[in-house]
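Beneath this line is the structure, given in structure tokens, with notes to follow.
Counting convention: from 1, in listed order, for ligands and their atoms alike. Atom set for the values below is all heavy atoms of this structure, side chains included, hydrogens, waters and symmetry mates excluded. One is the number of the first residue; the rest follow in order along the sequence.
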Amino acid sequence: MITSLRLDLRNPERVPYGLAFRVIYPRGAHKEEGEEAEIGGGGNWWRWGWIGGWLGRSDRGARSPLPSLEIKARSGDFAPLVPSEVSNSVWFSGFWCSATESSAVPEVTLSSCDTTMPVIGMGTSSYPKVDPETAKAAILEAIRAGYRHFDTAFAYGSEQDLGEAIAEALRLGLVKSRTELFITTKLFASFAERELVVPAINKSLRNLQLEYVDMYLIHWPFKFGKVVSSMPVEKGVLLPLDIKSVWEGMEECKRLGLARGIGVSNFTSEMLEDLLSIAKIPPALNQLEMNPLWQLKKLREFCKAKGIHVTAYSPLGSTGTKFGGNKVLGSKVLQDIAESKGKTTAQIALRWVYQQGVSLVTKSVNKERMNQNIDIFGWSLTEEELDEISRLPQHKTITFASIMGPHDVVLQVDAGL
Ligand code: NAP
């Protein structure tokens with residue numbers, strides 16, 4: 001359900017009178033970006049002319065009219081809003097209002113998941129690993145920037161930092177409740193069998209200081225025959241996944257309320273077929289490497305046909321990391337589009353991913369870059385620009401063989417992704 005939209009107040013049609021809104025001020029407004037205020041019912045205020053509702057006391061000193069308002073539905077206040085992205089007007093509590101796509105982060109509804117997911121998430125893997133203080137500060141900064149979806153994994157060693165940052169964000173009042181956050185973590189390949197999955201999620205939950213995660217994913221489509229702490233993995237240790245066994249464990253996590261949704265990562269279409277043939281609870285999503293230079297069209301179409309949402313990881317080509325390169329951000333096509341639109345190349349790459357109908361997780365520990373990366377809503381790429389990007393030569397950033405060694409199982413997975 002889309003829960004926010006932007007009303008253009010310079011050309012208002014009819015706006016409801018006397019309703020309760022929550023307003024998030026746009027960039028450049030007289031209030032701090034992201035700061036919230038209540039609009040209560042009870043009459044018109046001269047600054048808004050005939051526009052219904054009036055701003056609360058703290059807003060009366062405002063000097064200049066706002067060009068637009070971000071309006072978020074509070075549950076129970078309104079009937080669900082229709083998707084603002086696909087309509088020019090919105091039936092809003094009995095009145096038609098002009099609406100454009102909100103610059104707030106949209107949310108996606110997932111199958112068999114008890115909560116919606118913000119379409120952009122902050123990644124937490126870094127190679128080389130950042131120190132815990134930098135990691136925690138970055139997460140707090142990301143929350144201030146508006147990120148509510150965080151992606152971690154047992155394998156990244158970032159669960160503890162994320163858990164401490166969440167606890168700190170709650171203490172500081174940056175989020176009022178745990179339910180405002182969407183937290184994903186992932187099952188490590190050494191625990192990929194039925195009896196080991198619940199203990200593994202419990203370990204992750206302890207690291208995160210949480211009672212549940214919003215999404216629990218099988219991280220890799222193979223298993224390690226023992227606890228592995230370095231790569232590449234020796235021969236005989238990396239084994240094919242017993243999908244039925246591990247998925248039963250994942251389903252148990254959901255049944256026990258330890259995960260609100262369950263899914264997979266790096267699964268090929270063949271593996272998804274196997275999984276769907278035995279699953280009582282189908283996977284909500286498949287997290288995959290995807291960016292303008294690795295567009296994954298066939299696998300995405302397959303997932304769509306099966307009702308499995310795709311989340312893109314490494315949408316910037318993992319630039320600046322041990323495994324990544326500069327192919328995405330160094331693309332002349334993306335750079336030229338960025339220049340013509342007054343955006344950064346990273347924003348063009350991320351917006352392209354989002355316009356493919358998928359969600360994404362991208363990582364930054366830098367305040368300016370994380371603010372830039374979340375600023376991809378409320379504007380769009382044209383058909384011509386999308387078409388130009390769709391013709392870029394393809395190059396996958398990460399191959400499992402290069403990380404884990406050229407085992408048969410791994411080569412098979414690489415070939416299917
Ligand atoms: P990414 O998001 O494509 O790129 C991250 C890199 O880009 C960082 O080095 C970051 O540096 C830099 N960066 C971020 N914003 C930038 C901008 N606006 N301009 C220039 N550089 C920018 O790659 P990723 O970290 O590989 O992927 C994102 C997340 O996906 C991970 O953190 C992880 O949570 C998840 N992931 C999952 C899997 C899986 O197997 N499921 C695999 C890989 C990743 P700074 O921090 O210095 O800004």
Worksheet item: Which bit of L217 is near ligand 1, meaning a heavy atom under 4.0 Å away: side chain, backbone, both or neither?
Response: neither
Item to complete: Specify whether F222 and W220 have parallel, tilted or perpendicular ring planes, treating 30° as the upper limit for parallel and 60° as the lower limit for perpendicular.
Response: parallel
Discussion item. Between the side chains of K298 and E301, is the shortest nitrogen-to-carboxylate-oxygen separation below 4.0 Å, so that they form an ion pair?
Written reply: no
Worksheet, complete the sentence: At under 4.0 Å between heavy atoms, what of T345 touches ligand 1? The answer is neither
Worksheet item: Relative to ligand 1, is N291 under 4.0 angstrom through side chain, backbone, both or neither, heavy atoms considered?
Response: neither
Worksheet entry | Mode of Q287 contact toward ligand 1 - side chain, backbone, both, neither (heavy atoms, under 4.0 Å) | side chain
Practice prompt. May I ask you to check whether S314 has an N/O atom sitting below 3.5 Å from an N/O atom of ligand 1?
Written response: yes
Worksheet item: So, is S364 polar-close to ligand 1, with some N/O to N/O distance under 3.5 Å?
Response: yes
Worksheet entry | Part of P315 with heavy atoms under 4.0 Å of ligand 1, whether side chain, backbone, both or neither | both
Item to complete: Please work out which of the three classes, parallel, tilted or perpendicular, describes the rings of Y354 and F377, given edges at 30° and 60°.
Response: perpendicular
Worksheet item: Does R178 make a cation-pi contact with Y212, if we ask for NZ or CZ under 6.0 Å from the ring centre and within 45° of the axis?
Response: yes
Worksheet item: Nearest protein heavy atom to atom 5 (C) of ligand 1, by residue and atom, and its distance?
Response: K363 O, 3.4 Å
Item to complete: Mark the output for T344 as yes if a heavy-atom distance to ligand 1 is under 4.0 Å, and as no if none is.
Response: no
Worksheet item: Counting heavy atoms only, which part of S265 comes closer than 4.0 Å to ligand 1: side chain, backbone, both or neither?
Response: side chain
Discussion item. Using modelled atom types and a 3.5 Å cut-off, is there a donor and acceptor pairing between side-chain atoms of E289 and backbone atoms of S314?
Written reply: no
Item to complete: Enumerate the atoms of ligand 1 whose separation from the nearest heavy atom of G123 is less than 4.0 angstrom.
Response: 29 (C), 31 (C), 32 (O), 34 (O)
Discussion item. Heavy-atom distances under 4.0 Å decide this one: backbone, side chain, both or neither, for A346 against ligand 1?
Written reply: side chain
